[in-house]
Amino acid sequence: MYEKYKIKQLSIFSENRPGRLAAMARAMMDEGINIYAFTIAEGAGYGVIRALVDQPERAFQKLSSMGVTVRYTDVLAVEMKDHPGGLYDAVSALAEEGINIEYSYAYSGKRCAVLFMRVEDSDVAAEKLLAKDVKLLELSQFT
Amino acid sequence: MAYLDKHIETMSREDLEKTQYRLLKTQVTRLYSSSPFYRARMREANISPEDIRCIQDITKLPFIHKQDLRDNYPEGMLSVPRRDLVRFHASSGTTGKPTIVCYTKNDIDTWTTSLARGLISAGLGPDDVIQVSNTYGLFSGGLGFHYAGERIGAAVVPASTGNTERQIELIQDLEVTAMAATPSYMLHLGEVAEKMGVSIKNDTKLKIGLLGGEPWSVKMRDRICEWLGVKGINCYGSSEMYGPMFTECSEQDGIHIWGDIAYAEILDQKTGEQVAPGERGELVLTMLQKEALPMIRYRVGDITEMDTEPCACGRTHPRLKRIFGRVDDMLIVRGINVFPSQVEHTLMSIPEVGDHFEIIVDRKGALDTMLIRVELKKEAFTDNIVQLMELREKIAYRLRGALNIGAAVELVEPDTLQRFEGKARRVIDRRDI
């Protein structure tokens, strides 16, 4: 029932070598795909690129056809007030409910600031956050 | 000039060949009657002990390969009653399982004699203190030098590997005069000593390095001599032979292969025929006195040249020039034999990775490093970086178990490592030895 809040993030396995990211960015440009948010997590000799785009399926197809290792990962998007205390309001609810964030990144968008987070169980987290009056966004709401 | 067995070490070529023939005949006769493995091999080749009428007839006998040891793991080639064994050692096999070697009391004695002759020929004796910095344990290197050192009356420091600072303290405090190690460890020790403010050349009594277990160049030997003031004596052997067996003498003009212990042939790799004297080829060794695990025409896999002229030291047995390379893809990393097939075998047991890989060997300072790059399977990719780290650690752990040596592991994208149509070239060796 919380499917609409599960944002399809692209997770990409990439070796740390020059030009790798440029090739992917170029492909997104060629396909007319807009990237909203983007982060790279560094492992040893490789990275995991995480990206939110306006057309996830199309991006997935394109990257796969290039031989890129890509998969979807569900993340939640929490609206934050773009002022001091905004982040605290969003994450304190999680702390109270004992929900652990695997990783997270933020973006200060046109309409509001958004905290993207990966949690172990998106349904449980969504339910608890909504019960605490935390506002979860759908993909269309922060574009 | 001191000798352990002067009569044997300086005997004429004619007498040596007579001795070799007698020993070979005895060995083959024994194996034909008591070793199911060798009897079957000889019957396949249509040979019986009666066909051996001079030492040159050895070429009628079939070869033994490392693969035979693996196929008969652990004890299928054992040629004495099990109760006669007094020790086991193991070396890395070409795939998952190690190669087991075993010894009778006489085998330990022959091994010790062989290396003890070498140590004396290199100028060592009861006044010396020999620090053995080869690994003690399943690897035969440590105990081999230990026994030989004691045999010649030297005092042995069983330091084994690791803890280099402590090793340097021991060299100073115990007035160590000789050290058994890999040449790269010798250089590493020199570097660590320098950092500690110790000059091996000026602050210690170390004069002789019993160095082997990995290929090394004349350039490295000269550096060890000039920088550390240590005379690098080239040592040779392998667990299948017994362990470290043969050394150069103080003339440093080739490794003396004691002809009453081993018969050496140098063969043309392609034809399998004996090469002309002094020509390069593949070394094949027959252990003439080995009891528990005899080696008849064992294809060692090293490429070398043989000099049959008597040495300036007075010893008459044939000498091996340097080892120029391998016939197979065996790598020697930090003195440990590594076969790419071992890596392949290990990776095949890990479902998250593909079967393409790359081994990159390099030398940082004096020590070898090994990096194994392996493709992560598409299905195994997870967004969770901790799980990817754990996978990498699991691969490194399994490889360490199989290779007996640590390797760094790098996960790479699927279908990115080079594909080969013919024989895969999976090893990139960047070492400048």
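Atom CD of E413(B) is separated from atom OG1 of T69(A) by 6.0 Å, given to the nearest 0.5 angstrom. If you take CD on E15(A) and CD on E375(B), they are separated by 8.5 Å, rounding to the nearest 0.5 Å. One finds the OG1 atom of T416(B) at 8.0 Å from the CZ atom of R20(A) (value rounded to the nearest 0.5 Å).
With a 4.5 angstrom heavy-atom cutoff, D415(B) does not touch chain A via any of its atoms.
Annotation for D30(A): atom CG counts as buried by contact number, over 12 foreign heavy atoms lying within 6.0 Å. Counting non-hydrogen atoms of neighbouring residues, nucleotides and ligands closer than 6.0 angstrom, the NZ atom of K81(A) reaches no more than 12 such neighbours. Other residues, nucleotides and ligands contribute over 12 non-hydrogen atoms within 6.0 Å of the OH atom of Y73(B). By the neighbour-count criterion of 12 heavy atoms within 6.0 Å, atom OH of Y397(B) is sparsely surrounded, having that number or fewer from other residues, nucleotides or ligands. The environment of CD in E169(B) is crowded: more than 12 heavy-atom neighbours from other residues, nucleotides or ligands sit within 6.0 Å. Other residues, nucleotides and ligands place more than 12 heavy atoms under 6.0 Å from the CZ atom of R17(A).
Not a single donor-acceptor pair under 3.5 Å links the side chain of R71(A) to the backbone N or O of E379(B).
Contact count versus chain B (heavy atoms, under 4.5 Å) is highest, among V48(A), N16(A), I49(A), for V48(A). Of the residues considered (S14(A), G47(A), G67(A)), S14(A) shows the highest number of contacts with chain B, using heavy-atom pairs under 4.5 Å. Ranked by heavy-atom pairs shorter than 4.5 Å toward chain A, the options L388(B), V386(B), N384(B) are led by L388(B).
By the 4.5 Å heavy-atom criterion applied to side chains, Q9(A) and D383(B) are counted as neighbours. The closest side-chain heavy-atom distance from L376(B) to Y46(A) is not below 4.5 Å.
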Query raised in the report: Would T382(B) and F13(A) satisfy side-chain contact (heavy atoms from CB on, under 4.5 Å), going step by step from the backbone distance to the final call?
Result: CA-CA 8 Å; T382(B) 158; F13(A) 181 66; over 6 Å; no
